[in-house]
4 protein chains.
Amino acid sequence: MEFKKNQTIYKQIADFIYENIMTLKWPVDQKISSVRELAGLLQVNPNTVMRTYSMLQDQGIIYNKRGIGYFVSAGAPDNIETMKRNHFVNVELPEVFKKMNLLKIDIEEVNTIYHNQSK
Amino acid sequence: MEFKKNQTIYKQIADFIYENIMTLKWPVDQKISSVRELAGLLQVNPNTVMRTYSMLQDQGIIYNKRGIGYFVSAGAPDNIETMKRNHFVNVELPEVFKKMNLLKIDIEEVNTIYHNQSK
Amino acid sequence: MEFKKNQTIYKQIADFIYENIMTLKWPVDQKISSVRELAGLLQVNPNTVMRTYSMLQDQGIIYNKRGIGYFVSAGAPDNIETMKRNHFVNVELPEVFKKMNLLKIDIEEVNTIYHNQSK
Amino acid sequence: MEFKKNQTIYKQIADFIYENIMTLKWPVDQKISSVRELAGLLQVNPNTVMRTYSMLQDQGIIYNKRGIGYFVSAGAPDNIETMKRNHFVNVELPEVFKKMNLLKIDIEEVNTIYHNQSK
DNA sequence: GTGGTCTAGACCACC
DNA sequence: GTGGTCTAGACCACA
């Protein structure tokens, strides 16, 4: 896996996990990779993975059974989706709109780009 | 002037200058505030302003006359606008579209939000 | 390491690094000294080394892995050599020739001095 | 007159005067332009010209009659030439040779460039 | 007055 | 441990 340099690695790992959970590749209550396992797979320092897991645990996305490992929480797939959706609609989109204003880019232009790109 | 904590100060100062140049408050070939002056005005260390000015000089936005000060480069207003425009269209928009895909948000929904918000 | 006072320290550090890379003492993809390490070694403030590293990163000579350190870029040895060669041939030599013209010094004389000196 | 940005202005003014004296446009014992006059001509701060004149006076190239102005010293044309010649041969050329060594550029190559350029 | 460089020391996020 | 940013204050050459 390759990481973008403009974002922290542990957050990109979180995105990787989010996607696995949302797409149900990692179903609810299933044990996920151990810290060392995932660190080895992603060629990353175990501390970094640990940091991701801690964050996800704080968010209630995964839970921990001591001595056994981390598991996907009930409701995680839906929670992730609404969390991301809210963030996108309430935080990211307004920023985009604000920038469009500054650059005098019309919403029509964005529509055009969107449709052209998907061809 | 107040600074957001999630972005570096010297880049926020750059944005401040970008806007002054784009809106022609600071016309081409006009001397801009000296390092110390702007530092005093923004309540910031002169080194921080110096860092901004160096970056802008590398970008060709401003130029320097030794012992006199910094001046707005010819073509700077247009260059800033195209630079920002390109970044928005080629970098930011694709990321937005990608996220829309993941969250299964249609372009129509974005249009709706856009028009609602502007009311 | 001692520094000449007629040139800035951070550029002299860059020259030091250029040489280590060109002579392959520091091979491609090898981690180079950390900012603090080199600062201690050269008896210089870490900020000064940081400045050098930033410049070299802009030039593509070194790259950064977050939280780990700086590494020599692929192709860096060749790039440094061609960069220096170009500067010498296109900038420095013409100035020398121009001065020879003013002082009415023949190229033959330069040849003589060159061969005498090397004895 | 235009100034290169990689060298100080007052030294470039000195070069301008050196040339006028060496080519005998400004003969020995002739009064040269006043500080203000030259400053106006070159579009430069009078302090900068003053600095040049001070340096030239220290070098014995020009002398001052109080209340009247600056004059070209006897022997100035020859002195400038030998001064420049010595500096070129003893300081600049060795540096060039040293750089040629580092970049493994042969004296033959320099000869070739020299002859090609003059065509 | 102007920019430019450097030091000393601090704090932060990240690996 | 790593880089990165910022402050405070100093010194210098130059215009």
Side-chain angles (χ1 to χ4, degrees), chain A residues 3 5-13 35 39 42-52 54-55, chain B residues 3 5-13 31-39 42-57 62-71, chain C residues 3 5-13 31-39 42-57 62-71, chain D residues 3 5-13 35 39 42-52 54-55:
Chain A
F3 298 100
K5 63 182 178 184
N6 55 346
Q7 213 198 350
T8 45
I9 293 180
Y10 81 94
K11 283 184 182 171
Q12 294 182 58
I13 296 176
V35 171
L42 301 178
Q43 299 277 39
V44 150
N45 190 305
N47 287 331
T48 308
V49 175
M50 191 57 221
R51 185 161 188 170
T52 305
S54 298
M55 185 181 71
Chain B
F3 298 101
K5 68 174 185 183
N6 55 343
Q7 213 200 352
T8 53
I9 293 180
Y10 79 93
K11 285 183 181 171
Q12 294 181 60
I13 296 176
K31 182 179 177 301
I32 68 177
S33 310
S34 80
V35 172
R36 289 168 175 85
E37 218 174 21
L38 190 56
L42 301 179
Q43 299 278 41
V44 152
N45 190 288
N47 283 330
T48 306
V49 175
M50 187 64 219
R51 187 165 189 172
T52 304
Y53 280 15
S54 297
M55 186 182 69
L56 294 180
Q57 187 174 225
I62 59 178
Y63 64 93
N64 175 259
K65 287 188 188 174
R66 273 167 312 178
I68 302 180
Y70 282 95
F71 298 74
Chain C
F3 298 101
K5 68 175 182 183
N6 55 343
Q7 213 199 352
T8 53
I9 293 180
Y10 79 94
K11 284 183 182 170
Q12 293 181 59
I13 296 176
K31 182 180 176 302
I32 68 178
S33 309
S34 79
V35 172
R36 289 168 174 85
E37 218 174 22
L38 190 56
L42 301 179
Q43 298 279 40
V44 151
N45 189 288
N47 283 331
T48 306
V49 174
M50 188 63 220
R51 186 165 188 171
T52 304
Y53 280 15
S54 296
M55 187 181 70
L56 295 180
Q57 187 174 225
I62 59 178
Y63 63 93
N64 174 260
K65 287 187 189 174
R66 273 165 312 176
I68 303 181
Y70 282 95
F71 297 76
Chain D
F3 298 99
K5 64 181 177 184
N6 55 346
Q7 212 198 351
T8 46
I9 293 179
Y10 82 95
K11 284 184 181 171
Q12 294 182 58
I13 295 176
V35 171
L42 301 178
Q43 298 278 39
V44 150
N45 190 305
N47 287 331
T48 308
V49 175
M50 190 59 222
R51 185 160 188 168
T52 305
S54 297
M55 185 181 71

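Just so you know, these numbers come straight off a predicted model, no measurement behind them. Each chain gets a letter, A, B and so on, in the order its sequence line appears, and its residues count up from 1.
For the pair C:R36 and B:R36, both in contact range of DNA chain F, the more 5′-proximal nearest nucleotide belongs to C:R36.
Where DNA chain E meets chain B (any atom under 4.0 Å from a heavy atom), the bounding nucleotides read 5' to 3' are E:dG1 to E:dC6.
Under the rule for a side-chain contact (heavy atoms from CB on, under 4.5 Å), C:Q43 has no partner lying at least two apart in sequence or in another chain. Residues passing the side-chain contact (heavy atoms from CB on, under 4.5 Å) test with B:N47 are B:N45, sequence neighbours excluded. Scored by the side-chain contact (heavy atoms from CB on, under 4.5 Å) test, B:R36 finds B:S34 as partners (sequence neighbours excluded). Under the rule for a ring pair (Phe, Tyr, Trp, His ring centres under 6.0 Å), the partners of C:Y70 that lie at least two apart in sequence or sit in another chain are C:Y53. Scored by the side-chain contact (heavy atoms from CB on, under 4.5 Å) test, A:K5 finds no partners at all (sequence neighbours excluded). With sequence neighbours excluded, the residues forming a ring pair (Phe, Tyr, Trp, His ring centres under 6.0 Å) with B:F71 are B:Y63, listed by chain and number.
The two residues B:R66 and D:I9 have their closest heavy-atom pair at NH2-CG1, 3.2 Å.
Note that the CZ atom of A:R51 and the CD1 atom of A:I13 stand 11.0 Å from one another [nearest 0.5 Å]. The distance from the NZ atom of A:K11 to the CE atom of A:M55 is 7.5 Å, given to the nearest 0.5 Å. Note that the OG1 atom of B:T52 and the CG atom of B:L38 stand 8.0 Å from one another [nearest 0.5 Å].
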Dot-bracket summary - DNA chain E, pairs being Watson-Crick or G-U whose distances fall under 3.5 Å, with | when paired to another strand: ||||||||||||||.
Filtered N/O pairs between nucleotides 13-15 of chain F and protein, under 3.5 Å:
from   : atom 1 : to    : atom 2 : distance (Å)
F:dC14 : OP2    : D:R51 : NH2    : 3.1
F:dA15 : OP1    : D:I9  : N      : 3.3

